Structure formats: structure tokens, C-alpha cells
Protein chains: 2
Amino acid sequence: MATRQDVAKLAGVSPTTVSRVLNNNGYVSQDVRKRVEEAIRELQFVPNRVARSLRTQKCGQIACITHGLKNTFYAEIVQGIEEVALENGYTYSIYSTSVENEKYINLILEGFYDGLIVLTSSEFNNLVDSKKIREVIPTCFYWDLGYETKLPNVAVNLKKAMKNTTNYLLDCGHKEIVYLGYPKEGIEGVKENPRFLGYVDALKAKGIEVSSDHFLFVSNWNDTLTAGYEKVRELLDRGVSFTAIAACNDLMAIGAIRALSERGIRVPEDVSVTGFDDVEIAKMITPALTTVSLPKKEIGHTLMKSLLRQMNGEKLEGKIQEYESELMERETVQKI
Amino acid sequence: MATRQDVAKLAGVSPTTVSRVLNNNGYVSQDVRKRVEEAIRELQFVPNRVARSLRTQKCGQIACITHGLKNTFYAEIVQGIEEVALENGYTYSIYSTSVENEKYINLILEGFYDGLIVLTSSEFNNLVDSKKIREVIPTCFYWDLGYETKLPNVAVNLKKAMKNTTNYLLDCGHKEIVYLGYPKEGIEGVKENPRFLGYVDALKAKGIEVSSDHFLFVSNWNDTLTAGYEKVRELLDRGVSFTAIAACNDLMAIGAIRALSERGIRVPEDVSVTGFDDVEIAKMITPALTTVSLPKKEIGHTLMKSLLRQMNGEKLEGKIQEYESELMERETVQKI
DNA sequence: ATGAAAGCGCTAACAC
DNA sequence: GTGTTAGCGCTTTCAT
């Protein structure tokens with residue numbers, strides 16, 4: 001592997017000059033530049049990023065924390081992040097929240113990353129002291145918790161989104177609506193989840209009783225197809241009466257639909273179901289899932305752009321951008 | 001951010017000694033070790049990975065090339081990779097094949113990675129000279145092409161898998177089976193795809209005519225829900241007669257089912273459909289998808305383990321492991 | 001058992 | 001315009 005030294009020797013110039021043409025700063029005469037460029041080509045020289053990082057104290061890499069890519073919701077956000085990262089010469093690593101606390105922190109403190117994007121605020125908050133992390137490394141959060149934070153974040157108005165959805169269900173004549181999704185932790189902390197808040201708000205506004213029989217809570221790290229499936233089976237076993245399910249993500253909704261249809265309950269004829277996220281597959285299943293569309297890629301873009309700004313020295317605080325969502329009326333909801 | 005120097009000073013020893021306790025080599029007296037450890041704790045010292053990398057010429061990071069995580073098939077393999085990577089102190093970056101040729105190569109040559117895992121052999125092969133890459137960096141491929149290679153790879157017996165699946169369809173009485181999926185490039189190169197080979201083999205073995213009317217080809221980078229959906233719509237528009245569709249991945253199968261049901265064609269009553277990969281959602285849609293199950297996580301594990309071996313100096317060549325698959329009989333196929 | 005010193009490949013301040 | 005030099009934080013001989 002050729003080094004800058006080798007190039008310098010071959011071109012008959014000093015290493016500094018090579019740097020200059022490489023980084024396009026300082027003055028280099030046409031003639032010399034040409035010779036250097038030729039030498040670079042001949043030796044197939046590629047600058048060593050590790051050495052450069054050590055010198056410049058920035059390594060052109062960011063870390064991104066998710067809780068697994070199996071929910072394509074995250075995969076799509078990550079795609080958005082990747083696009084603007086690469087455009088700006090950054091690479092990124094992905095970590096799943098499943099990794100233990102300490103490993104993370106060290107990985108991050110090791111100086112191998114210039115910035116950090118956290119897609120799973122709640123788990124991350126439980127794991128580490130976010131404020132502390134932020135002091136050592138520029139950080140941007142995708143914030144989906146129910147309270148405000150000073151941490152730089154981009155968010156979606158989830159409360160409003162779920163309120164809309166619930167209202168839609170209500171307008172379709174549903175009164176017994178099951179909520180399937182996130183609490184923060186247990187029933188007490190539950191108020192902190194914006195989606196749940198939206199659900200409760202909508203019900204109350206129409207004078208409908210909010211019954212804990214209709215709460216199907218799932219922890220944040222377990223918002224999967226299987227969880228949706230099993231929660232609804234349990235619900236069915238309990239014999240609770242309901243005519244609709246409002247899920248907190250599409251995967252859980254799809255799991256719910258499966259549980260329903262295995263018991264011979266038809267969607268939407270017998271029970272209506274709504275999802276959340278509008279993952280690509282939502283419109284491809286039959287019946288196509290009525291769900292809430294979020295601008296996933298844009299979220300990724302904004303997350304990365306905000307991080308970039310911070311890495312350039314800007315101080316950012318609190319909500320940087322709040323996106324709106326859109327209810328996609330498809331085939332899993334029916335008027336009764 | 002504290003450096004090793006600071007620790008040394010605080011502990012009243014030389015920087016070398018600090019290194020020794022950090023890396024657990026050489027002799028350090030109990031007493032000194034304790035002092036150093038205390039200093040480390042007090043200063044919250046974390047060794048700088050960039051500096052270490054520069055010195056040791058290995059950076060504890062690998063790159064992984066996919067064509068996007070939106071197909072959870074790749075996400076699951078990546079999860080497997082992550083598990084053994086982290087276990088062994090490696091971090092990883094993910095790249096989508098959508099990035100242009102040159103950027104890649106440079107990224108990889110920049111010395112920011114100790115190894116490379118390629119999940120999308122075909123695209124990668126088109127993009128770069130795999131053999132050349134391999135000379136500069138240990139590499140391991142997930143190989144799903146129809147010809148053998150000397151490049152270190154882990155594979156699944158895809159030909160056999162698709163042959164099985166086609167036979168299953170045949171045994172169910174289907175004779176007009178549509179193939180939905182990968183050619184290498186155009187019809188001529190088509191023979192190189194193992195799945196296609198398996199499909200043709202099965203048909204021929206039963207003396208059934210192989211008709212190009214039943215080929216629905218999709219390029220490798222376009223094996224999506226939407227592609228499956230649109231290809232099948234086109235097929236329907238052409239008025240070709242068929243009773244089954246064998247798809248090359250679950251996403252395309254799901255897209256196909258959607259196209260079918262939008263036209264009032266029932267699955268499996270009117271047309272049977274099979275998928276490939278057994279992605280988590282396959283069993284959750286209704287009807288549950290009959291598909292081929294591959295050991296995705298294990299593939300990830302083996303990929304990473306093989307890379308580890310190479311990074312430790314071992315020379316690996318050709319097929320390292322070939323996995324078998326399993327047909328999951330569910331609800332999208334019916335006897336006729 | 002511990003320390004001194006060289007050097008990984010690069011950049012940037014400073015000289016010429 | 002171009003070269004010299006110091007140094008980023010660490011590991012690793014080689015002395016002691």
C-alpha cells in the first residue's frame with residue numbers, strides 16, 4: 001500500500017505538496033500538480049483515513065443506534081441518513097440497542113465517531129445518561145416520547161397523528177377501540193407516550209369511556225409482528241368486546257390481523273384495524289392496511305443534516321423539526 | 001478527553017506502563033497496576049481507537065455491502081453479522097449498492113476497514129473487480145450466483161431449493177408455473193441464476209414444456225414488492241394462462257399476491273404462489289406464504305466468522321459452507 | 001518490572 | 001510556490 005511519501009518521491013516533490021494537491025488547499029503550480037497526480041495514479045495511492053483522522057481529530061464517521069433493522073421503519077430512516085451522510089463524506093455504523101450499556105458507551109467514547117444519531121430514544125435513555133453523552137459527542141435524536149426535551153431532536157407529532165386515527169375510527173362508528181402499543185413503562189408511566197395520549201384524548205373528547213380492558217401494552221423493544229399477534233390472541237381469549245384496533249406500528253397491526261383471521265374474525269367486516277408508519281408492505285397486504293404515513297426518509301435526512309450542523313460547531317437544542325403525518329385510508333377499516 | 005499521558009502522570013508512571021495494563025501484556029506489579037487503574041477511572045480515560053489503529057494497522061471495523069435494508073432478508077443476515085462482530089470487538093459499516101462504484105472502492109481502500117462482507121455478489125461483481133479487492137482486503141461473499149467461484153463465500157443450495165419448490169407445485173398438479181425473479185442479465189445470461197436453473201430442471205424432469213411466456217424477470221437490484229406487483233399486473237394484461245407463481249423472494253411474492261387479488265384472482269383457490277427466504281412477515285400475512293426458509297442468521301454468523309479467520313491470516317478459498325433450505329408449506333398453495 | 005524513544009501516515013504552522 | 005518540522009495518541013522494541 002503506497003503512502004504519501006512514496007508519491008512524493010516518485011513525483012520528486014515533498015510530502016507536503018502531495019497533501020496540498022490532495023486536499024486542494026495552498027498553491028501548487030500546474031506543472032507540479034500534474035506530476036503529483038500522475039504519481040498518485042501510478043501508485044494507486046489512496047490516502048489513509050486513519051492517519052488523517054488522528055491528525056485532524058475527526059474521523060468522518062457517525063454511529064446510529066436503532067433497535068434492529070427488522071422493522072423496515074428504521075431501515076427507511078437509515079436509508080435517509082445514509083444518503084446525506086455519504087453525500088457529505090461520512091460513513092456510519094449501526095448498533096442495535098440490544099448490545100449492553102457499557103459496550104456502547106465505550107465504543108462511542110473511543111473517538112471512532114464524530115457524531116451520534118439515536119433512533120430509539122426511550123431505550124437509549126434507560127441505558128445511558130443522554131445529557132452526558134451529548135457533552136462528549138454531537139448527538140441527534142429521533143424523539144418519539146411524550147415529553148419535551150432539550151436534547152436536539154427531530155420528531156413527528158405523534159399525539160396528533162394518533163388522535164386523528166382514533167377520531168377516524170370513531171367517525172366510522174367504532175366505540176370499543178383497542179389500543180395496541182407503547183406505554184413508557186407499565187401503566188403509571190404510560191402518559192408519557194404521545195400516541196397513547198392522542199388515543200385517550202380522542203376518546204375523551206367524544207365522551208367515550210376509556211377502559212383499561214382495551215389497552216394492549218407492549219414494551220418498546222418488543223414492537224414486533226409476533227407481539228401484535230400474541231397480544232391480540234390473549235385479548236381474544238379474555239373475551240373482551242371490541243370492534244377496532246389502533247396499533248402503534250404496522251408490524252403489530254399485521255400481527256393483529258393475523259391473530260384475528262386465524263380465529264375466523266374478518267378484517268374489516270368484523271373488526272377494523274389501523275397501523276402506524278406506513279411501511280412499504282402496508283399497501284401490499286390484503287386487505288391493504290389503513291395506516292399513518294410518516295416521512296421516514298425525510299426524517300433521516302433531517303437527522304443527519306442536523307448532526308452535520310452540530311459537527312460544524314453549531315449549537316442546537318430541543319426540537320429542530322416536527323413533521324406532520326398523514327392518514328392513509330385503505331382497506332382495513334369499515335363503517336359500522 | 002484524557003489521553004494515556006494524563007493517566008501516566010496521575011499514576012506517577014510512564015505511558016508505556018499504562019499501555020501494559022490496558023492491553024494486559026508484559027509484567028506490571030500489583031501495586032502499579034492498581035494505581036494505574038485508579039487513574040483511569042478517575043480521568044474516565046478511554047483509549048483512542050484511531051491512534052491505536054494507526055499504530056497497529058488494523059482498525060477493528062469491517063464493511064458490509066448490501067443493496068438496502070428494506071428487504072428484511074438482508075437485515076436478518078446483518079443481525080447475524082453484528083452479533084459475532086461485536087462479540088469479537090469489531091464494529092461495522094453498511095453500504096448500499098446504490099452508491100457509485102468509485103466511492104466504494106476508495107472507501108474500502110482508505111484503510112478504514114479490516115475486512116469486507118459482500119451480500120450482493122452480482123451487483124458487486126458488476127461494479128468492481130472482486131479478485132482485485134480481495135488482494136487488498138480480506139473479503140467474504142454471500143454467493144447466490146449460479147457458477148462456482150474461488151472467492152471465499154458462503155452459500156445456500158438455491159438451485160436445489162427452487163427445484164424442490166417447483167416440484168412441490170408440480171406435485172400439486174400445477175403445470176403452468178410462472179417464474180418471478182432473477183436472471184443475471186437478460187435472457188442470455190439467465191442460465192447463471194441457480195434458482196432459475198432449479199425451476200427449469202424440475203420442469204424438464206417431468207417433461208413439462210418450459211415456456212418463456214412464464215418468465216417474469218426482474219433485475220437483482222429491483223427485487224421489491226413493487227416489482228413483483230407490477231410484473232404480475234403486466235402478466236395479467238398479457239392474458240397468459242397460468243396456475244402458479246414461483247417467486248425468488250418473499251417480497252416479490254407478496255407483491256404478486258396483491259396484484260392477483262386486486263384483479264379478483266384468489267390465492268390459493270385460483271392461483272398458487274410461493275415465496276423465497278421466509279422473512280418474518282411471510283407467516284403473518286393471510287394467506288400465510290408458502291416459502292423456502294433459509295438460515296439467515298447463521299449465514300450472517302458464518303460470513304463474519306470466515307472473515308475473522310481471514311483477518312487472522314488464514315487463507316480461505318471458494319465455498320466455505322453451503323446451507324440447505326427448507327420448504328415451509330403454508331397457505332398459498334393448493335392442489336388442483 | 002518499568003521507562004525511553006521511534007514511528008504508524010497524515011496535516012498544518014511556519015520558514016524560505 | 002514549495003519544503004521542513006512537529007505532533008495527533010498509541011504500541012512496541014530495546015534498554016535498564
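Keep in mind that this is a model prediction, so the values were computed, not measured. We name chains A, B, ... by the order of the sequence lines, and we start the count at 1 in each one.
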Checking B/T66 against B/Y95: is there a side-chain donor and acceptor pair closer than 3.5 Å?
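No, no side-chain donor-acceptor contact under 3.5 Å.
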Could you tell me whether the side chains of A/T91 and A/R49 share a donor-acceptor contact shorter than 3.5 Å?
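A pair is found: one side chain offers a donor N or O, the other an acceptor, under 3.5 Å apart.
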Looking at DNA chain C, which of residues 43-55 of chain B put a heavy atom within less than 4.0 Å of it?
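B/L54, B/R55, in order of number.
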Below 4.0 angstrom, which residues in residues 28-39 of chain A have at least one non-hydrogen atom near DNA chain D?
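The stretch gives A/V28, A/S29, A/V32 as the residues lying under 4.0 Å from the strand, ordered by number.
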Atom-pair distance ([atom1] on [X]; [atom2] on [N]), nearest Å:
X      : N      : atom1 : atom2 : value
A/K9   : D/dG3  : NZ    : C1'   : 16 Å
B/N25  : D/dT13 : CG    : C1'   : 12 Å
B/E110 : C/dG9  : CD    : P     : 15 Å
B/L22  : D/dG9  : CG    : C1'   : 12 Å
A/N23  : C/dG9  : CG    : P     : 17 Å

Go through the steps to decide whether B/E298 and B/Q321 satisfy the test side-chain hydrogen bond (donor to acceptor under 3.5 Å, both in side chains), and finish with yes or no.
CA-CA 11 Å; B/E298 282 77 7; B/Q321 179 146 8; over 6 Å; no
Nucleotides 14-16 of chain C: which of its N/O atoms have a protein N/O under 3.5 Å away?
none

5'-most contact on DNA chain C: B/Y27 or A/M1, nearest heavy atom basis?
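Nearer the 5' end of the strand: B/Y27.
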Can you find a side chain N or O atom of B/T17 that sits less than 4.0 Å from OP1 or OP2 on C/dG3?
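For B/T17, the contact criterion (side-chain N or O under 4.0 Å from OP1 or OP2 of C/dG3) is met.
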Would you say CD of A/E148 has more than 12 non-hydrogen atoms from neighbouring residues, nucleotides or ligands within 6.0 angstrom?
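Not more than 12 within 6.0 Å, no.
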Verdict with supporting geometry, A/Q79 and B/S96, side-chain hydrogen bond (donor to acceptor under 3.5 Å, both in side chains)
CA-CA 9 Å; A/Q79 203 180 312; B/S96 302; over 6 Å; no
side-chain contact (heavy atoms from CB on, under 4.5 Å) involving B/E38 - partner list, sequence neighbours excluded
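For B/E38, the residues satisfying side-chain contact (heavy atoms from CB on, under 4.5 Å) (neighbours in sequence not counted) are B/R41.
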So if I take every side-chain heavy atom of A/Q57 and compare against D/dC8, C/dG3, D/dG1, which nucleotide ends up nearest?
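Among D/dC8, C/dG3, D/dG1, the one nearest the side chain of A/Q57 is D/dC8.
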Do you know which of A/T120, A/V156, A/N153 makes side-chain contact (heavy atoms from CB on, under 4.5 Å) with A/Y142?
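Passing option: A/V156.
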For A/Y74, give me all partners under ring-ring contact (aromatic ring centres under 6.0 Å, His included), at least two apart in sequence or on another chain.
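With neighbours one apart ignored, the set is A/H67.
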Verdict with reasoning, A/T72 to A/E280, per side-chain hydrogen bond (donor to acceptor under 3.5 Å, both in side chains)
CA-CA 8 Å; A/T72 53; A/E280 200 178 7; over 6 Å; no
Within residues 11-22 of chain B or reaching into it, pairs that qualify as side chain to side chain donor-acceptor pair (under 3.5 Å) - sequence neighbours excluded
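Only B/R4-B/S19, B/S14-B/T17 qualify under side chain to side chain donor-acceptor pair (under 3.5 Å).
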Base, sugar-phosphate alone, or nothing: which one does B/T3 contact when heavy atoms must sit under 4.0 Å apart?
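Touches sugar-phosphate only.
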Quick one: does A/T16 reach the base of C/dA12 with a side-chain donor-acceptor pair under 3.5 Å?
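Check passes, donor-acceptor contact within cut-off.
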Worked check of side-chain hydrogen bond (donor to acceptor under 3.5 Å, both in side chains) between A/Q61 and B/S93:
CA-CA 9 Å; A/Q61 187 163 249; B/S93 293; 3.2 Å; yes
